[in-house]
Protein chains: 2
Amino acid sequence: MKRAAQQDCSPPSPAYHHGDLRQALVRAGLEILEQGGIAALTLREAARRANVSHAAPYHHFPDKEALLTAIAARGFQIQTEEMELAIENARPPIDGLQSFGMAYVAFAAAHPSLFRLMYSHERNDSSENKEMAESSAAGHRRFIERIRERAGCSEERAQSISLLLWASVHGLAMLWLDRQLRWEGVPSLESLASQMTEMLGVVMHSEPT
Amino acid sequence: MKRAAQQDCSPPSPAYHHGDLRQALVRAGLEILEQGGIAALTLREAARRANVSHAAPYHHFPDKEALLTAIAARGFQIQTEEMELAIENARPPIDGLQSFGMAYVAFAAAHPSLFRLMYSHERNDSSENKEMAESSAAGHRRFIERIRERAGCSEERAQSISLLLWASVHGLAMLWLDRQLRWEGVPSLESLASQMTEMLGVVMHSEPT
DNA sequence: ACCTGAACACCGTTCAAGT
DNA sequence: ACCTGAACACCGTTCAAGT
């Protein structure tokens, strides 16, 4: 009922093409990223896929960087959704700490270009980024709390552990995507991640120094 | 004696401008990277700084990507040099494992754009990359050996520990450069790295699972 | 308010031509 | 062998003009 009055699918005008070009551009960007990588992601190509002129995006984004930021923001949403799903469906149900690490690495492997875009290029603290930062911080706080409960340690120490876990899986994912983990007889990314998160369990249950 | 016959510094010809344009381009690239970041690093700008036409680089590199690879390769050399220096001069002399982590993060903080270039964009296995890969693998093997001696564990386990250490400091550096580590009251990067490498000492001296 | 089409400066790449 | 200058296709960005 919130949609515009039905118009039998005839476009309201040959020029005004849809109500939400902004979202269409972000969607197009995700598609380009998946098909051709970051090099193929241009403003003009996104406009082409959205069936508008190459100047149209400038009515929704001040510049290309802003579109990239919006795509990255959408990426963080997708990451949250996919990770929550993966953690729920983990078989056999494994430790929350380990399943977090596995899900993080799995997301990076599934969306390499998007993952790189999200975590690269120091993006300015735009309003969009503030939203992202807040939702990300909230998730982070919940995660720290879970660690604190499970390990029965101080919040300060839980923070240290969570940073170590995050950095480890982030670094593993990045090094893997960059083809840096290719010596003789490399195990799969999955087994590396599993091995790594297991070792981190040792730290979690050890005495603080 | 291997140099060309002395010519009183007068250029051998107004067009042929130096003997080693290739190296000059790499050097120019490093300079651009430090001054303007990855966005400023164009083939034409590198040519400009080397005082040659914009087409000249194509006699030394097949395309832009090849120049980027050469710059990244030089970056790995610089990283090795700077890290060895930093580890030697660590005061007070700290554990080798910890000083490695600190030096790694320090390099990333000192050369953010170069560090990003080195570890990004899946570069093809060009001959240059094979050299890099080999020297990198050799260093890696020495490092694993040191861990094995110190922790008195199997080589397999030493490999796991070294990967955990590498991934941790790499992830920490990346997340820091990407401004992802900015919640309330963030400690300095140095103290985060120190804290992290200390925790990893726990893993190293713990019993294998 | 939202979109177009022309225009500008810049970039990567190619190529015939010069020494 | 190594470099230049012109040329081409593409991109980000701007702007007057249209509805």
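Letters go in sequence order (proteins before strands), and every chain restarts at 1.
- Considering only the side chain of A/Val52, C/dT4 comes nearest among C/dT4, C/dT14, D/dG12.
- Rounded to whole Å, atom P of D/dC11 lies 17 Å from atom CG of A/Asp63.
- Whole-Å rounding puts the A/Leu25 CG to C/dC2 C1' distance at 13 Å.
- Nucleotide C/dT4: paired with D/dA16 (Watson-Crick or G-U wobble, both distances less than 3.5 Å).
- Regarding B/Leu67, its CG atom lies at a distance of 10 Å from the P atom of C/dG12, rounded to whole Å.
- Residue contacts shown for A/Arg48 are limited to sugar-phosphate atoms, with no base heavy atom under 4.0 Å away.
- At whole-Å resolution of the value, CD in B/Glu45 and C1' in C/dG12 are 15 Å apart.
- Summarising the base pairing, C/dA9 is matched to no nucleotide, lacking a Watson-Crick or G-U wobble pair whose two defining distances lie under 3.5 Å.
- Per the geometry, CG belonging to B/Asp20 stands 18 Å off P belonging to D/dA1, to the nearest Å.
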Let me check something: any side-chain donor-acceptor pairs from residues 94-103 of chain B under 3.5 Å, sequence neighbours excluded? List them with distances.
residue, atom, partner, partner atom, Å
B/Asp95, OD1, B/Arg150, NH1, 3.3
B/Asp95, OD2, B/Leu97, N, 3.0
B/Gln98, NE2, B/Ser194, O, 3.4
B/Gln98, NE2, B/Thr197, OG1, 3.3
B/Ser99, OG, B/Asp95, O, 3.3
B/Ser99, OG, B/Gly96, O, 3.0

Got a list of side-chain donor-acceptor pairs under 3.5 Å for residues 81-91 of chain A, not counting sequence neighbours?
residue, atom, partner, partner atom, Å
A/Glu82, OE1, A/His111, NE2, 3.2
A/Glu82, OE2, A/His111, NE2, 3.0

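- Going from atom NE2 of A/His59 over to atom P of D/dA16 covers 13 Å, rounded to whole Å.
- B/His60 contributes no side-chain N or O that forms a donor-acceptor pair with the base of D/dA1 under 3.5 Å.
- Computed from coordinates, the B/His54 NE2 to D/dA7 C1' distance equals 9 Å when rounded to whole Å.
- Smallest separation of non-hydrogen atoms from B/Ala40 and B/Ile32: O-CG2, 3.3 Å.
- Each of A/Ser53 and B/Tyr58 was assigned the nucleotide of DNA chain C with the nearest heavy atom; the assignment lying further toward the 5' end belongs to A/Ser53.
- The aromatic rings of A/His170 and A/Tyr104 lie perpendicular to each other, with more than 60° between the two planes, well past the 30° mark.
- Looking only at side-chain heavy atoms (C-beta outward), B/Met199 and A/Leu163 stay at 4.5 Å or farther from each other.
- In this structure, the CZ atom of A/Arg44 is 16 Å from the P atom of C/dC10, given to the nearest Å.
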